[in-house]
Student: 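Structure below; questions to follow.
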Amino acid sequence: MNKDIFLLNSLGGKKEKFNPIDKKKVGMYVCGPTVYDDPHIGNARPLVVFDLLFKVLKCKYGNKSVTYVRNITDIDDKIIQSSKKKNISITELTTSVTTKFHNDCNYLNCEVPTYEPKATDNIELMVKMIKELIKNEFAYENEKHVYFKVKKYEDYGKLSNKNIDDLIAGSRVELSDNKENPGDFVLWKPSIDDEPSWDSPWGRGRPGWHLECSVMSKKYLGNTFDIHGGGRDLIFPHHENEIAQSVCANRTQSFANYWVHNGFITMSKEKMAKSQGNILKISDFKKKYNGQILRLALISAHYSQPLDWNDKLMDECQKTLNKWYGCYVKVNKKVLIDDEDLKPLYDDLNTPGYIAVLHKLYDKAKGGRQEDKEIFTTACKFIGLLDQTKEEWNSFKEQNLKLSESEILKKINERNEARNKKNYELADKIRNDLLDKGILIEDKDGKTTWKIK
RNA sequence: GGUAACGUGGCGGAAUGGUUACGCAGAGGAUUGCAAAUCCUUGUAUCCCGGUUCGAUUCCGGGCGUUACCUCCA
């Protein structure tokens with residue numbers, strides 16, 4: 001469609017019209033997981049949010065014109081610690097967490113990104129970038145460590161609205177005698193004992209955090225690209241450091257033109273985070289809830305706002321999808337969604353606004369016209385909802401059923417006999433018993449049907 | 001301490017310099033033996049104090065409150 005896309009750019013803090021560098025090569029880089037532990041609901045938010053942005057960009061610029069890169073960080077101190085704690089090898093840990101991560105993405109109905117590079121496959125390029133930084137005098141070696149010289153880069157702190165002196169005054173940065181300045185961050189560090197290591201001009205070691213994103217975005221999207229995404233908590237230091245490294249190594253004016261950051265999932269209004277110990281793993285929901293329910297819940301607030309996670313939210317979303325499946329139809333032809341209906345998504349990914357549109361389309365679809373149902377279903381599918389058939393949706397619910405179908409039908413017969421005898425007390429008891437087991441009875445047009453609550 | 005974000009009806013949650021968000025819950029009705037589900041109808045809101053303005057919930061300033069980042073974090 002011809003409408004413009006607007007994005008809230010963290011670099012500057014204003015909503016801006018999105019102008020790609022090249023309409024035929026739109027690039028988006030999103031920080032993926034560090035694979036040291038099972039993904040949780042907080043991790044799920046950027047997965048869904050940027051999956052949606054990917055869809056919106058493709059809608060505007062064409063499927064082949066958008067490149068979505070999401071990294072997998074498979075070397076990091078947390079990984080080393082976690083593998084020691086779990087007493088398994090690094091590879092064993094990273095491959096198993098990566099597999100879980102992919103399963104979770106699939107569960108949430110997220111598309112596979114165009115590229116999903118691993119940090120360990122790109123160490124050479126990281127070494128190369130460090131060499132470049134040293135050559136440009138933005139980095140220095142000391143005791144087998146290489147550090148980035150924060151004071152040398154004058155725009156340091158621009159993204160996060162910080163100035164270096166304040167940071168140091170806060171004295172919460174890691175102090176080290178090796179550093180010229182406490183704010184400097186590590187680009188390369190030596191590995192000890194059996195820690196994973198690679199050869200480098202500074203001895204066997206491994207890269208610092210931040211570096212993989214600078215290197216892999218460059219590899220797939222170039223020195224300067226359109227959109228960089230991630231969680232709010234990555235703004236500092238991670239994204240600030242990425243910018244510093246990339247701009248100073250590549251000698252460019254800018255790194256990513258638009259920075260998009262999602263807000264946090266909270267539990268009782270407090271940030272859900274591993275360090276807080278209040279996380280809910282994505283996999284914990286798989287048995288009880290269809291992934292679409294989580295997906296809807298995750299986009300029920302605007303991506304930039306905090307979203308409080310609780311059972312009521314899940315119940316509401318489940319209810320909504322149950323209702324919406326009432327108007328689901330199989331769509332075999334291409335159905336166009338009205339520009340006006342897509343508008344909220346183009347306007348900084350306003351998902352609550354789009355959900356309101358879906359409710360409106362549902363109201364129209366329930367009038368019964370096939371065409372309206374096709375439009376409604378297509379509009380839902382655009383954001384990855386109602387992507388399963390009605391049968392799949394229902395059969396998911398049946399997998400947790402405690403009664404067999406024949407048992408249910410038997411109970412229904414018993415109840416109908418009681419009703420014929422006007423023994424309503426017994427009839428109601430049977431109905432309530434079934435309801436306790438999650439079976440909902442509906443008497444309609446003289447027939448009794450059942451479904452899962 | 002420094003830097004930000006947020007404060008909308010019972011709850012969740014958009015938008016907006018003057019006009020209906022939307023959903024859930026509630027109320028009334030249709031239907032039903034009673035329900036459920038579904039359908040129809042419907043009430044309720046912009047933290048406080050100033051300023052700009054014909055007019056502010058929206059812009060500006062101050063206050064109060066909540067949260068986050070400044071250390072690993074999506």
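All chains are named by letter (A, B, ...) in the order of the sequence lines, taking the proteins before the strands, and each is independently numbered beginning at 1. Quick caveat, the model's predicted, so the values are computed rather than measured.
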Student: For B:G17 and B:C54, measure between their C1' atoms and round to the nearest Å.
Tutor: 12 Å
Student: Can you check whether any acceptor in the base of B:G13 is under 3.5 Å from a donor in the side chain of A:Asp308, or vice versa?
Tutor: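 Check fails, no donor-acceptor contact within cut-off.
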Student: Need the pair for B:A35. Rule: Watson-Crick or G-U wobble, both distances under 3.5 Å, any strand; none if unpaired.
Tutor: none
Student: Given B:A74, B:C24, B:C72, identify the nucleotide with an atom nearest to the side chain of A:Phe264.
Tutor: B:A74
Student: Can you find a donor-acceptor pair, distance only, under 3.5 Å between A:Arg232 side chain and B:A68 base?
Tutor: no
Student: Can you tell me the base-pairing partner of B:G65? Count Watson-Crick or G-U wobble geometry only, both distances below 3.5 Å, and say none if there is no partner.
Tutor: B:C6
Student: For RNA chain B, whose closest nucleotide is more 5', that of A:Met272 or that of A:Tyr424?
Tutor: A:Tyr424
Student: What is the pairing partner of B:G1, taking Watson-Crick or G-U wobble pairs with both distances under 3.5 Å in any strand?
Tutor: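 Matched B:G1 with B:C70 under the 3.5 Å cut-off.
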Student: Under 4.0 Å between a Lys/Arg side-chain N and an Asp/Glu carboxylate O for A:Lys343 and A:Asp338?
Tutor: no
Student: Could you pull out the closest heavy-atom pair between A:His302 and A:Asn350, with the gap in Å?
Tutor: CD2-CA, 3.9 Å
Student: Report the base-pairing partner of B:A25 (Watson-Crick or G-U wobble, both distances below 3.5 angstrom), or none.
Tutor: none
Student: May I ask which nucleotide in the shown strands pairs with B:U46, Watson-Crick or G-U wobble, both distances under 3.5 Å?
Tutor: none
Student: From the options B:C70, B:A74, B:G33, select the nucleotide whose nearest atom is closest to the side chain of A:Asn43.
Tutor: B:A74
Student: Do A:Asp443 and B:C34 have a side chain to base donor-acceptor pair shorter than 3.5 Å?
Tutor: yes
Student: In whole angstrom, give me the gap between the P atoms of B:A21 and B:A45.
Tutor: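 Roughly 10 Å separates the two P atoms.
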Student: Which nucleotide in the list B:C24, B:C34, B:A21 gets nearest to the side chain of A:Asp428?
Tutor: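 Among B:C24, B:C34, B:A21, the one nearest the side chain of A:Asp428 is B:C34.
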Student: When you compare B:A36 with B:A30, how far apart are their P atoms, in angstrom units rounded to a whole number?
Tutor: 14 Å
Student: Got a salt bridge between A:Asp77 and A:Arg206, using NZ or NE/NH1/NH2 to carboxylate O under 4.0 Å?
Tutor: yes
Student: Give none if B:C54 has no partner; otherwise give the nucleotide forming a Watson-Crick or G-U wobble pair with it, both distances under 3.5 Å.
Tutor: B:G18
Student: Starting at the 5' end of RNA chain B and moving along, which residue's nearest nucleotide shows up first, A:Ala44 or A:Ser304?
Tutor: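 Per heavy-atom nearest nucleotide, the more 5' residue is A:Ser304.
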Student: Measure the OG-OH distance between A:Ser217 and A:Tyr115 for me, rounded to the nearest 0.5 Å.
Tutor: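 Between A:Ser217 OG and A:Tyr115 OH, I get 14.0 Å after rounding to 0.5 Å.
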